[in-house]
Amino acid sequence: MCGIAGFITTRLAESLQLNEQVTRMTDQIVHRGPDDSGAWVDAESGVGLGLRRLAIVDLSPAGHQPMLSSCGRFVIAFNGEVYNFGSLREELSPRGHQFRGHSDTEVILAAVAEWGLEAAVKKFVGMFAIAIWDQPQRTLHLVRDRLGIKPLYYAWAGPSFLFGSELKALRAHPDFVPRVNRDALALYMRYNEVPQPFSIYEKTFKLPPGCMMSVPVRERNIPSQVTPTPFWSAKEAAERGVADPFKGSEAEAIDQLDALLRESVKLRMIADVPLGAFLSGGIDSSTVVALMQAQSNLRVKTFTIGFAESSYNEAEHAKAVAAHLRTEHTELYVTPEETRAVIPKLPFFYDEPFSDSSQIPTYLVSKLARRHVTVSLSGDGGDELFGGYPRYFRAQSLWKRMRWLPGPARRMLARLIGAPKLTTYNRRLGWLAPWTDQFGRPGSVGEKMYKLSEALAVDTREALYRHYGSHSKSPATLVLGSTEPKVALTDPAQWATLPDYFRLMMFFDIISYLPDDILTKVDRASMAVSLEARVPILDHRVVEFASRVPVSMKIRNGKGKWLLRQVLYRYLPKELIERPKMGFGVPVDVWLRGLLRDWAEALLNEDRLKREGFLDSALIRRIWAEHLSTQRNWADLLWDVLMFQAWRERWA
């Protein structure tokens, strides 16, 4: 696990100057690799590659990067892991390839030399962001793993093309101009993250998951635009799954998923450093830990964070699972003060506005794990692959009821429901609150009616999914001078053709919410403390198998993850894991009305908002007042605004 950065520039410079520039970039991401650093430059071509290394496999100098291929053609800076490097090495050795050490980096270079870049990458099982300089072809290749587990940014900056694991590395280059992209900011206010391919800055992008791009240098000229090309497509995988469905029995499906997950977990337990796992006690993390313990002669180290607020605390469930599996379990209860102390650090960790509040406990559990291990396995991905999110069921239920109403009738009903004042609903129907809370997050009756009104106004099932994932329903009115560009959820060309709504929602999550939110959160939180997080459920072979499994094996009796549960039942009794799904969050709504109020008030100061000129100050002050008065819970949208304001305060 590492952090990479580098550039191609048409600006004439000596090797020493280029080396200083690339080192300045990698110095910004030392947390991603505290064990070693390296730089490689070619002044004639204007190329610099740099790396900060967190040594996981082959701790010797033989694993040092950037690394030159044995044939002398390629130079690589590589972040991540190719877990099947052992079998690839066995395949390459008879073909004449010799290896100095036992790192996966050497195997990547040999594979590219033997099969070519795209063919080699298709053989890799892992998480990776790769930069390879092809010396005779004078071409820089960038590659990002299939699901987007590892980040990779790139930018055009005057005479230079830049890339890096985090934006702070790009900011360190003298040619980079950090100008906020208002359109990307509007996207952020809708989704609580900046969705790929955009970043918060103009002319700066994320390489999409499963893509590669090649930037040639010809007579010191760099193309002004390059289109990434996919080597793996979630859309194609989803459509292949429908065209070639799994036809076996339920018992055979359970056996096959068990075998796939066992292999995936086994590969991700390969490390030359201490290894453990996050354990929440839920389906996903419990499955990963159970499969780890089943394949280990030692007690697996597991880690859990506990909270005083019972509605947010999963520590007792995790403790029970750990006891049954006999893991070496460590739990830490954190106080509200310790939790809130993380907030000032968030803008530095996340590098661009990011406001999934579960970033806070994710950082805390990563920090706890790092005291004991260097690698930790995580259960992320189970909800997206096997239908675990409650909003799938809410959206499906609502769409079944509303799709029969003609569009004009739905919109009229939406206007009627949204017409009364929120206080009127609460005054007259407040007694219904305990009943309405069964259908989503707790909130006032008036708030629920307003949300129903907003949902009824949408025209398609795709728009309804997007509605459920939107914090601001009209961010272009919130962000001054902005227009929302197309992203995966609004571009029909990127949508898979799928026969049912559940499949469509899971697919949408895989191409948007998973890489842009969940995996971003885990990567930044874990790397902030120099911890490598591995996600075995997101092995692409598991993803492709899940796409073939019928929905009836995922969702049954009003609950998701049926097939994954059956695998877990082989290792744990049902009573330890059968409980309502609990989010991994913190009580932001309460904090904003209490101990965080002064901090929030300073960031939401009306004069400050007007002076900065990004956001509609009157609108923000109105929702802030409504939140403080408990008329409506605006915690999600306010957290978006506050994280943007805190980010600007740190990086402006």
Side-chain angles (χ1 to χ4, degrees), residues 254 257-258 261-262 265 268-269 274-336 338-339 358 360-373 375-383 386-390 522 533-537 556-587:
I254 296 167
L257 180 58
D258 192 354
L261 288 174
R262 270 181 167 263
V265 167
R268 284 156 182 81
M269 292 174 69
L275 174 143
F278 301 140
L279 179 61
S280 69
I283 303 295
D284 305 337
S285 66
S286 297
T287 300
V288 169
V289 171
L291 292 172
M292 290 176 73
Q293 194 60 74
Q295 300 179 92
S296 175
N297 295 323
L298 303 174
R299 295 175 65 190
V300 172
K301 299 177 187 293
T302 53
F303 306 95
T304 300
I305 289 291
F307 299 96
E309 297 92 339
S310 59
S311 58
Y312 293 87
N313 185 39
E314 295 185 290
E316 289 302 316
H317 303 294
K319 186 176 183 179
V321 170
H324 184 88
L325 295 174
R326 297 183 59 79
T327 69
E328 184 181 326
H329 190 58
T330 302
E331 65 177 14
L332 176 67
Y333 274 79
V334 293
T335 66
E338 290 172 315
T339 308
S358 63
I360 299 173
T362 304
Y363 168 77
L364 289 169
V365 74
S366 297
K367 186 178 179 182
L368 171 65
R370 189 60 179 94
R371 297 174 188 169
H372 306 269
V373 299
V375 175
S376 185
L377 273 62
S378 176
D380 297 290
D383 290 307
F386 297 99
Y389 288 123
V522 173
R534 298 177 174 179
V535 281
I537 294 176
R556 190 170 295 188
N557 300 323
K559 290 196 300 186
K561 297 195 279 197
W562 181 85
L563 186 61
L564 194 59
R565 292 171 192 265
Q566 308 316 303
V567 172
L568 183 54
Y569 294 160
R570 293 178 168 185
Y571 304 92
L572 281 171
K574 290 183 181 181
E575 57 268 21
L576 280 183
I577 53 177
E578 287 301 339
R579 55 188 174 84
K581 184 175 178 62
M582 184 181 293
F584 194 42
V586 290

Going by heavy atoms in the side chains, are [X] and [Y] under 4.5 Å from each other?
X      : Y      : result
Glu578 : Lys559 : yes
Thr327 : His329 : yes
Lys301 : Leu275 : no
Pro361 : Phe307 : yes
Lys561 : Asp284 : yes

If I take atom [atom1] from residue [X] and atom [atom2] from residue [Y], how far apart are they, to the nearest 0.5 angstrom?
X      : Y      : atom1 : atom2 : value
Thr302 : Leu377 : OG1   : CG    : 12.0 Å
Leu279 : Ser378 : CG    : OG    : 11.0 Å
Phe386 : Thr287 : CZ    : OG1   : 9.5 Å
Ser285 : Glu314 : OG    : CD    : 7.5 Å
Asp258 : Leu568 : CG    : CG    : 10.0 Å
Leu332 : Glu338 : CG    : CD    : 6.5 Å

How close do [X] and [Y] get, counting heavy atoms only, and between which atoms?
X      : Y      : answer
Gly306 : Ala315 : CA-CB, 3.7 Å
Pro536 : Val265 : CB-CG2, 3.8 Å
Gly379 : Val288 : CA-CG2, 4.0 Å
Leu564 : Gly382 : CD2-CA, 4.3 Å
Gly276 : Val373 : N-CG1, 3.8 Å
Tyr571 : Leu325 : O-CD2, 4.0 Å

For this session: Please test Val321 against Val289 for side chain to side chain contact (heavy atoms under 4.5 Å, CB included), starting from the C-alpha separation and ending with a verdict.
Result: CA-CA 9 Å; Val321 170; Val289 171; 5.7 Å; no
Keeping [X] on the side-chain end and [Y] on the backbone end, is there a donor-acceptor pair under 3.5 Å?
X      : Y      : value
Gln295 : Arg262 : yes
Arg299 : Arg326 : yes
Gln293 : Leu298 : yes
Arg268 : Arg534 : no
Ser296 : Met292 : no

Problem set entry | Ile537 and Leu261: CA distance, side-chain angles, deciding distance, side chain to side chain contact (heavy atoms under 4.5 Å, CB included) verdict | CA-CA 7 Å; Ile537 294 176; Leu261 288 174; 4.2 Å; yes
Exercise. Are Tyr569 and Ile254 close enough, and set up right, to give a side chain to side chain contact (heavy atoms under 4.5 Å, CB included), and what steps lead you there?
Worked result: CA-CA 10 Å; Tyr569 294 160; Ile254 296 167; over 6 Å; no
For this session: Under the side chain to side chain contact (heavy atoms under 4.5 Å, CB included) rule, what do Asp380 and Phe278 come out as? Steps first, then yes or no, please.
Result: CA-CA 10 Å; Asp380 297 290; Phe278 301 140; 5.9 Å; no
